[in-house]
Amino acid sequence: MWRLTTSWRLLRCDRLEQQSHAFHLLDERIQRFIWEAGWTDLRDAQERAIPAIVSGTNDVIIAAATAEGKTEAAFYPALTHALAQLELPLIMYIGPLKALINDQFQRLALLCERLDIPVHPWHGDIGGTIKTRFLKRPEGVLLITPESLEATLCNRGSSVGLIFQRASFFIIDELHAFIGTERGMQLRSQLHRIEAVVGRQVPRIGLSATLGDMNAAGHYLRPLTKTPVQLIVSEGTGRELKVLIKGYEEPLVKQIAEDESEEPVSEIGPGLIAEHMYDVLRGSNNLVFPNSRKNVELYTHRLSRMCEERGVPNEFWPHHGSLSKEIRTEAEAALKSGEVPATGVCTNTLELGIDIGSVKCVVQVGCPPSVASLRQRLGRSGRRKGESAILRGYLVEDEIGPSSPVHTQLRQRTFQTTAMVSLLADKWFEPPSANGKHFSTFIQQLLSFIAQNGGATASQCYYLFCSAGAPFAGIAPKEFTDLLRHLGNKKLVIQDSAGLLLHGSTGEKIVNHYSFYAAFATDEEYRIIAGQKVLGSIPISMMLVPGQFILFAGRTWRIEAVDDDARAIHVTHAGGGVPPPFDSGTGKVHSAVRQRMRLLYDGNAPVDFLDTTANKHISQGRAAYARMELSDRCWTEHGSELIIWTWLGDDVNEALATFFRYGTLQAQADGPCVSILKGALSTNSVLDILNRLKETGPPSIDDLLVDAKALRREKWDWALPDHLLRASYASLNLDLPAAIDWLRCHEFST
DNA sequence: GACCTGCTGCGGGATG
């Protein structure tokens, strides 16, 4: 028996040795570990990553689908490099989730024990003993979150040099989840600060799902470098994708319920959808994404009740951010176990990282938030060889009546979803936006750096954070001094007689509380107040301007004033104004999606992955589009409204609406268009204004947003001077150049 | 207009 096992091992070893060049480069003990694990070959990404990483000098991005062994591709050569050093170095792994760190710890512990390399997990749930052990001998592998890293930099300033002296690699997991975000800026700044302390560059390894623009990802990982980041992109095996989307129609009855301030009568769509899901999903593992926590509850409830009524064990598990850890763990365990079938009904909590095994179907209820997110979700399905990924979609459109709004007539939901699936099939998806100014995160990093150093001069800070190649390189000297002055006014920093920046009284309080370490804000709500009465509160994700109309508690309200500091919106009841009919549950829509929608409207063939009802909605949408002559016209008139059809993304339409408001019109971005309330103006005078705006150059952001309120989005936006706040908001939400371009290319005449 | 992520240091008391 022993001999048999040995020869079997030797066989495998032979194959690895003959076919793999990279295998030889690994430490012998790691090689042996791989044979024993029963691997017969290395994956493509691993084969290419090992030689790139093992020398310990290069920055590398490994982009591959889930379950392609990215972690091993990074750690095996990094550990090999570590074993070859006289003194054991420190490999730093930074991950976005605690659950991911726990997973990786499990995966590494076995190997590292053999290699006699300590592995230290470090996040909020890890106890003091483990942390102290690491601090005594900071070597081996450290698995940490950006927040815990911030705490270390901030609170252990005097020993930061000692702790990170032997850092040999930064391994950043789920890189795509960091790019373009506050946390991403924080992380980049932290790596920069550590390198500044140890006085050398530490090779950075990014692990990522495939990104649209890999060069941009390289630039994110290491800006302005002479030796470019090595990109290792593994396409994986081209998987087949099966798609079926079913359409439903919601009858008009609910209009009768008008003016009852409560919810309209129960809707038919969700009931039918739940029944169909029950039939097709039972007996296998699946994930259902219904876009909101409320819908997760609704569908899980209906599906579980159906199991109960039919006397079968429950197979449907809810999973979202407001649920307790216990309930979430239960759902994850049910999905992972593989013993009985389980379907997770979830928000994007199950989109990232956590290992739940492969599922048969991914179900999307309503529009997907973006193509990128749809793609990420589909990555969970059909991961075994020979299996195809399956996407099922459910869409409800309202029955068309005599007074149906334009958006209903155009069947926008169906067109948007179809456009997104068609872009997905073309392998296109939204690139992460990298133009944000991120002044907010800069404030955090300044305060943290002051804590780390026990004070810093302004020029030291500017050089460290804002010079070429630094994390906040876009910030101009003038902006920096304006910011510092304002931080002084807010008592966040003070300058001592020698010119040293220190924490002010408020800064002290903020930095000394643990809530300081996260770079992102948690949702804040604004109260809606009519006279003395508080109507309720809503989370703000859109700038507000007095005079604007909003829909709340089933009625239309006119905004009279917005008080950012008191987080209050004062409104009066409005009789006539038409509120923007937002399609709930979707994120920002990219211009490419709107352009693809337009192609669909202009076409005439049925769509093969839509069922009969959904295809009927496509025909109806095309008929409405033709009736309004939208193929040739860029504006239409509907009662008191003038609609400008741009078929561009939300950032562009938002910029256009802002520009129109600057030109004294009452305008709002509204899906694929911008709608203008004519008020006392005639159609011709509105068109005149548009034509005039076309001639004027674009005004400054400050002029454009002079009346705009509720611009605060990021955590420390409250501490920004007005002009920097406007610049920051605009950088994240408005595409002014594209708006001006569009305007210049269009003519407004009757 | 949706959703998600993360969090110190210290002291006191129980337990082995």
Side-chain angles (χ1 to χ4, degrees), chain A residues 94-102 122-129 131-132 135 144-157 173-174 176-178 181-184 186-187 190 289-296 319-323 325 328 346-354 364-370 372-374 376-377 407 416 441 444 448 451 509-523 525-526 538-544 548 550-552 579-589 650-651 653-654 668-671 710 713-715 733:
Chain A
I94 300 129
L97 303 175
K98 290 188 285 193
L100 214 49
I101 285 175
N102 296 342
W122 185 315
H123 55 66
D125 298 346
I126 300 286
T129 329
K131 293 178 179 173
T132 317
L135 291 171
I144 195 166
T145 60
E147 288 73 21
S148 286
L149 187 54
E150 194 68 61
T152 309
L153 288 170
C154 201
N155 299 335
R156 300 176 196 275
D173 206 355
E174 308 276 6
H176 56 278
F178 283 112
T181 69
E182 291 159 278
R183 261 181 132 189
Q186 174 187 31
L187 173 57
Q190 292 170 332
F289 292 94
N291 287 349
S292 69
R293 288 181 287 218
K294 199 178 110 199
N295 282 338
V296 166
H319 197 283
H320 62 70
S322 315
L323 290 173
K325 206 176 163 191
R328 288 160 73 164
C346 55
T347 57
N348 51 6
T349 41
L350 289 181
E351 219 178 86
L352 259 194
I354 314 163
Q364 173 66 50
V365 184
C367 293
S370 66
S373 145
L374 187 60
Q376 186 81 19
R377 290 171 180 187
H407 295 294
Q416 185 173 314
T441 310
Q444 182 207 30
S448 176
K509 270 185 217 136
I510 292 176
V511 176
N512 286 332
H513 193 266
Y514 62 81
S515 58
F516 173 71
Y517 309 125
F520 55 88
T522 26
D523 283 347
E525 302 203 324
Y526 276 47
I538 53 166
I540 297 296
S541 58
M542 207 181 148
M543 70 163 121
L544 299 171
Q548 203 173 325
I550 57 167
L551 186 65
F552 190 74
F582 290 118
D583 196 16
S584 69
T586 61
K588 246 184 212 172
V589 179
D650 289 351
D651 284 355
N653 287 346
E654 194 66 56
Q668 303 197 49
D670 185 7
R713 289 294 171 282
E714 303 195 322
K715 191 169 177 183
N733 298 290

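These numbers were taken from a predicted model, which means no experiment stands behind them.
- Remark: side-chain polar atoms of Thr132(A) are paired, donor with acceptor, to backbone N or O of Gly128(A) under 3.5 angstrom.
- We find that CD of Glu351(A) is positioned 17 Å from P of dA2(B), with the value rounded to whole Å.
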**Asked** Is there a side-chain hydrogen bond (donor to acceptor under 3.5 Å, both in side chains) between His319(A) and Thr349(A) once you walk through the steps?
**Response** CA-CA 7 Å; His319(A) 197 283; Thr349(A) 41; 2.8 Å; yes
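- A donor-acceptor pair is defined here as one N or O able to donate and one able to accept, closer than 3.5 Å; such a pair exists between the side chain of Lys715(A) and the backbone of Ala518(A).
- For the residue pair Tyr514(A)/Asn155(A), the side-chain donor-acceptor check at 3.5 Å is not satisfied.
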Filtered N/O pairs between nucleotides 3-9 of chain B and protein, under 3.5 Å:
| from | atom 1 | to | atom 2 | distance (Å) |
| --- | --- | --- | --- | --- |
| dC3(B) | OP1 | Arg293(A) | N | 3.1 |
| dC3(B) | O3' | Thr347(A) | OG1 | 3.4 |
| dC3(B) | O2 | Asn348(A) | ND2 | 3.0 |
| dC4(B) | OP1 | Gly321(A) | N | 2.5 |
| dC4(B) | OP1 | Thr347(A) | OG1 | 2.9 |
| dC4(B) | OP2 | Arg293(A) | NH1 | 2.6 |
| dC4(B) | O4' | Asn348(A) | OD1 | 3.3 |
| dT5(B) | OP1 | Arg328(A) | NH2 | 2.3 |
| dT5(B) | O2 | Arg183(A) | NH1 | 3.4 |
| dG6(B) | OP1 | Lys98(A) | N | 2.6 |
| dG6(B) | O3' | Thr145(A) | OG1 | 3.4 |
| dC7(B) | OP1 | Gly124(A) | N | 2.8 |
| dC7(B) | OP1 | Thr145(A) | OG1 | 2.9 |
| dC7(B) | OP1 | Ser148(A) | OG | 2.9 |
| dC7(B) | OP2 | Gly124(A) | N | 3.2 |
| dC7(B) | O2 | Tyr514(A) | O | 2.5 |
| dC7(B) | O2 | Ser515(A) | N | 3.2 |
| dT8(B) | OP1 | Ser148(A) | OG | 3.4 |
| dT8(B) | O3' | Asn155(A) | ND2 | 3.2 |
| dG9(B) | OP1 | Arg156(A) | NH2 | 3.0 |
| dG9(B) | OP2 | Arg156(A) | NH2 | 3.3 |

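- Glu182(A) CD to Arg713(A) CZ: the interatomic distance, rounded to the nearest 0.5 Å, is 11.5 Å.
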